[in-house]
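Data block below; observations after.
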Amino acid sequence: MANKLKDRLMARTANLAEKVEAAAADRPSIADQRPMTMPGQLGAFRLEAQRYQRQIDELAAELEKARKSGAVIEIPLDLLVEVPGRRRALTPEQKIELRENLRHNKLTHPITVRPLPDGRFEVISGHNRTDQYRELRRDKISAVPIEMSDAEASASAFYANLLQSDLSDYEKFVGFQDLLERTGKTQAEIAADSGISENTLSRLMAFVDLPPTAIEIIRTVPHCIGSSAVSQLGAIAREGKADAVLNAVKALAEGRVTQDAAVRMARDGEVRVKATRPTPVSIKSGKTTYCTVIAANKTLRIDFKTEEARAAVEEAVKKILSEFAAGDR
DNA sequence: CATAGAGTAGGGTAAATTCG
DNA sequence: CGAATTTACCCTACTCTATG
């Protein structure tokens, strides 16, 4: 489920590291051929000095280039700046898991940062990794610097969260709505950018059709409803049955009904509480149970006490069934 | 532990509908 | 009208429970 989306998003960014490395490999090598020795030490020194100076300049340029975008660099934690509201919430267990992982292993996925004019770096993705590095009292962290605008930065941050976490559909909706407003792109374009399908995004956007009070409720229990039910409830709300939708959302938030039932409730006014499991009926032989019969939809099941009992009636049952099948009964 | 069926949610395809 | 969006219909994956 959620995690097909995750897989697709992963697939889209999977080879980022390779791309970065390939770009780095294309750069001209810094190593220059050692110049021939010249007669006279002075001349030789001068040449050496020039060569070193050139190397230093090239390294500085390289660093600058890396700072702007591409290669992984080590950044002191003091130079990292965080933007509020971008952090993906982790459970305490997840935090511990992450910390223990980072304590014993190298950082396999460098964080992503954006160079700021003042020489510091804004964290795009990797707030939690950065936190754990602080906890572990490390002073530097591997990071990929990428040049981007403010809008691009929040879009990237959102996409990073989208693919990493178990965001509820409501939270996804909020992120996508923000993106749509800020970029002015169509749903189709945003869908293509993020790797989700157009209809999935459409279903997600149906949150706007729910009554505001229903949204308030969902905000407190975001996982109670998925995009499928939202799109249907949204349609019902647009028909003017806002009250029915609100009641359905309340019932959902309290866990009284399934999403399916909530939709039926809003649409038909049908109030059926969760799944009625079929109840087995015992067929008694005196005081002991001879067999139990359980019926559900297209299934009729008979459980006997012994295999012998089953064998005894099997042929008779088959015979009756054949008669039904032939339309004789 | 393995298996089976019911119930549920998610989401894909393509047709229908709405928008500009 | 064509593009964008929504919906109907459907399949699949997963959970839960009962049972062998």
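In what follows, chains carry the letters A, B, and so on, assigned in the order in which the sequence lines appear, proteins first and then strands, with residues in each chain numbered from 1. Keep in mind it's a predicted model, so treat the numbers as computed, not measured.
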Rounding to 10°, can you tell me the angle the first-five-pair axis of the helix from dC1(B)-dG20(C) to dG20(B)-dC1(C) makes with its last-five-pair axis?
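The helix from dC1(B)-dG20(C) to dG20(B)-dC1(C) shows an end-to-end axis angle of 10°.
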
So, [X] side chain and [Y] main chain: donor-acceptor pair closer than 3.5 Å or not?
| X | Y | answer |
| --- | --- | --- |
| T200(A) | I196(A) | no |
| D169(A) | S227(A) | yes |
| S202(A) | E198(A) | no |

For [X], what residues pass the salt bridge (charged side-chain N to carboxylate O under 4.0 Å, His left out) criterion, not counting sequence neighbours?
| X | result |
| --- | --- |
| D243(A) | none |
| E254(A) | R256(A) |
| R203(A) | none |

From [atom1] of [X] over to [atom2] of [N], roughly how many Å is that when rounded to an integer?
| X | N | atom1 | atom2 | answer |
| --- | --- | --- | --- | --- |
| E198(A) | dA16(B) | CD | C1' | 15 Å |
| F176(A) | dT5(C) | CZ | C1' | 16 Å |
| Y170(A) | dA9(B) | OH | P | 21 Å |
| Q259(A) | dG11(B) | CD | P | 11 Å |
| K172(A) | dG11(B) | NZ | C1' | 11 Å |
| I196(A) | dG12(B) | CD1 | C1' | 13 Å |

What nucleotide among dG11(B), dT13(B), dA9(B) has an atom nearest to a side-chain atom of T200(A)?
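It is dG11(B).
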
When every non-hydrogen atom of I111(A) is compared with those of S125(A), the smallest separation belongs to CB-O, 3.3 Å

Does any residue of residues 226-241 of chain A have a heavy atom under 4.0 Å from DNA chain B, and if so, which ones, in number order?
G226(A), S228(A)

In residues 201-221 of chain A, which residues come under 4.0 Å of DNA chain C by heavy atom?
S202(A), R203(A)

What residues in residues 183-191 of chain A put a non-hydrogen atom under 4.0 Å from any atom of DNA chain C?
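Contacts with DNA chain C under 4.0 Å: T186(A), Q187(A), A188(A).
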
side-chain hydrogen bond (donor to acceptor under 3.5 Å, both in side chains) against [X], all qualifying residues, sequence neighbours excluded:
| X | result |
| --- | --- |
| T183(A) | none |
| K185(A) | D193(A) |
| R134(A) | none |

Just so I know, are the side chains of Y170(A) and V230(A) near enough to count as touching, which here means a heavy-atom distance under 4.5 Å?
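No, too far: nothing below the 4.5 Å cut-off.
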
Which pairs pass side-chain hydrogen bond (donor to acceptor under 3.5 Å, both in side chains) with one or both residues in residues 107-119 of chain A, sequence neighbours excluded?
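Listed by first then second residue: R114(A)-E122(A), R114(A)-D150(A), D118(A)-R120(A).
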
Donor/acceptor link under 3.5 angstrom from N199(A) side chain onto base of dT5(C)
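When only heavy-atom distances are counted, N199(A) does not reach the base of dT5(C) through any donor-acceptor pair under 3.5 Å.
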
Provide the full list of salt bridge (Lys or Arg N to Asp or Glu O under 4.0 Å) pairs with a residue in residues 98-109 of chain A, sequence neighbours left out, each pair given once.
R99(A)-E135(A), E100(A)-R103(A)

